[in-house]
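Working notes, beginning with the structure itself.
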Amino acid sequence: MATILRDWSYRYQWFYDTISALAALSVGGDKRFRQLFLKDLPINPEAKALDLCCGAGQATQELVKHFTNVTGLDASPIAIQRAKQNVPQANYVEAFAEKMPFSDRSFDLVITNTAMHEMESEQLQQIIQEVHRILTPEGQFIIVDFHRPTNPLFWLPISTFLWLFETETAWQLLKTDLPQLLSKSGLKIESCQLYAGGSLQVLRSRKS
Ligand SMILES: C[S@@+](CC[C@H](N)C(=O)[O-])C[C@H]1O[C@@H](n2cnc3c(N)ncnc32)[C@H](O)[C@@H]1O
C-alpha cells in the first residue's frame, strides 16, 4: 500500500529531493546521508564504480567526485534521463538490476542507495547474485537502506514514512536478514552500521 505521495515523489524530482532531505535530517542532513556509503571506504580513483538503481543520480553525484569511471544503472528511462542531466560525468545504462548487461567481474565497487526496499524477495536474491557476478574478486558491494529500528522511538517516524511513500516490499525489507542473503551468495560481510535509531543501515560486503 502507498499513497498518492509516492506517485508525486517519482513524478517530480523536487518533491522526491525535498522528502529525501527531510528524512535525511534523522542522520544529520542530506549531505551526510548522501555520503554515508563513502565512510571508511578506501578510495582508488581508478576503480570502476556502479550506482545500482541510480534514480536521478543522487548518489552518482558523490561517486563521480572520487572515481573517474562511474556508471549509473536504472530501469526507469525518466530516471536515466534526469541522471544524465544532473550528473553528466557518469555513463548510464537503462536496465533491470536483476539482469544487468555487464560482463562478469567488471566492477570494483557497486553501491545501491535506498533502492533495495523496492524489490520483491526473489528479485532481491537475483540482484545480489548479479552483483556477485559483476564484481571483481575482492570487489565491494555497499547497500544503504531501511532497517528495523533498534530504538523503539523510531518506529513511529519510519512507519509513517513507509505508509506515505513506500509499498509492501519496504515493510518486507525490515524483516529481511540482508547479511544472511549476501553471505548465501558468496559475499563476505565487512560491517553493518546503523543510523537513525537503527532505521537505516549501511551494509558493506566484499566478494571473497
Ligand atoms: C527510491 S529510488 C532511489 C534512487 C537513488 N538511488 C537515490 O539515492 O535517491 C529507487 C530507484 O530504483 C529503480 N528501480 C526499481 N526497481 C528496479 C529494478 N528492478 N532495476 C533497476 N532499477 C530499479 C527505480 O526506477 C528508482 O529510480
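Note that ligands are numbered from 1 as they come in the structure, with each ligand's atoms numbered from 1 the same way.
- With sequence neighbours excluded, the residues that form a ring pair (Phe, Tyr, Trp, His ring centres under 6.0 Å) with Phe107 are Phe102.
- Among all heavy-atom pairs drawn from Arg6 and Phe165, the shortest one is NH1-O, 2.9 Å.
- Close contacts between ligand 1 and Gly55 involve ligand atoms 4 (C), 27 (O) [criterion: under 4.0 Å to a heavy atom].
- The two residues Gln35 and Glu62 come nearest to each other via the heavy atoms NE2-OE1, 3.2 Å.
- In plain terms, the two heavy atoms of Thr3 and Trp163 that are nearest each other are CG2-O, 3.8 Å.
- Taking only non-hydrogen atoms, the option from Asn113, Asp74, Thr169, Leu124 nearest to atom 8 (O) of ligand 1 is Asn113.
- Counting heavy atoms from C-beta outward, Thr167 and Glu118 have side chains that stay 4.5 Å or more apart.
- Between Glu98 and ligand 1, at least one pair of N/O atoms sits closer than 3.5 Å.
- In terms of protein heavy atoms, atom 15 (C) of ligand 1 is closest to Glu118 OE1, 3.5 Å.
- With hydrogens left out, the protein atom closest to atom 5 (C) of ligand 1 is Cys54 O, 3.5 Å, a heavy atom.
- In the vicinity of Ser76, heavy-atom distances shorter than 4.0 Å reach the ligand 1 atoms 25 (O).
- Remark: ligand 1 and Leu52 share no N or O pair separated by less than 3.5 Å (distance only, no angle test).
- Checked by distance only, ligand 1 and Ala97 come closer than 3.5 Å through their nitrogen or oxygen atoms.
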message: Please evaluate residues Gln13 and Asn86 with respect to the criterion side chain to side chain donor-acceptor pair (under 3.5 Å), reporting the C-alpha separation (whole Å), side-chain torsions for both, the decisive distance (0.1 Å), and the verdict.
response: CA-CA 11 Å; Gln13 199 195 323; Asn86 295 336; 3.3 Å; yes
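- Ligand 1 lies less than 4.0 angstrom from a heavy atom belonging to Ala95.
- No more than 12 heavy atoms of other residues, nucleotides or ligands sit less than 6.0 Å from atom CD1 of Ile78.
- Tyr16 OH, 3.2 Å is the protein heavy atom nearest to atom 3 (C) of ligand 1.
- Other residues, nucleotides and ligands place more than 12 heavy atoms under 6.0 Å from the CZ atom of Arg206.
- For atom 2 (S) of ligand 1, the nearest protein heavy atom (residue, atom name, distance) is Tyr10 OH, 3.3 Å.
- Protein heavy atom at the shortest distance from atom 22 (N) of ligand 1 is Ala75 N, 3.2 Å.
- Shown in contact with Arg34 at under 4.0 Å from a heavy atom are these atoms of ligand 1, numbered in order with element: 7 (C), 8 (O), 9 (O).
- Distances from atom 16 (N) of ligand 1 to the heavy atoms of Gln61, Met100, Gln123, Met119 put Met119 nearest.
- No side-chain heavy atom of Lys207 sits under 4.5 Å from any side-chain heavy atom of Phe141.
- Shown here are the ring pair (Phe, Tyr, Trp, His ring centres under 6.0 Å) partners of His117, two or more places apart in sequence or in another chain: Phe146.
- Relative to atom 14 (N) of ligand 1, the option among Cys53, Ala56, Ala83, Ser20 with the closest non-hydrogen atom is Cys53.
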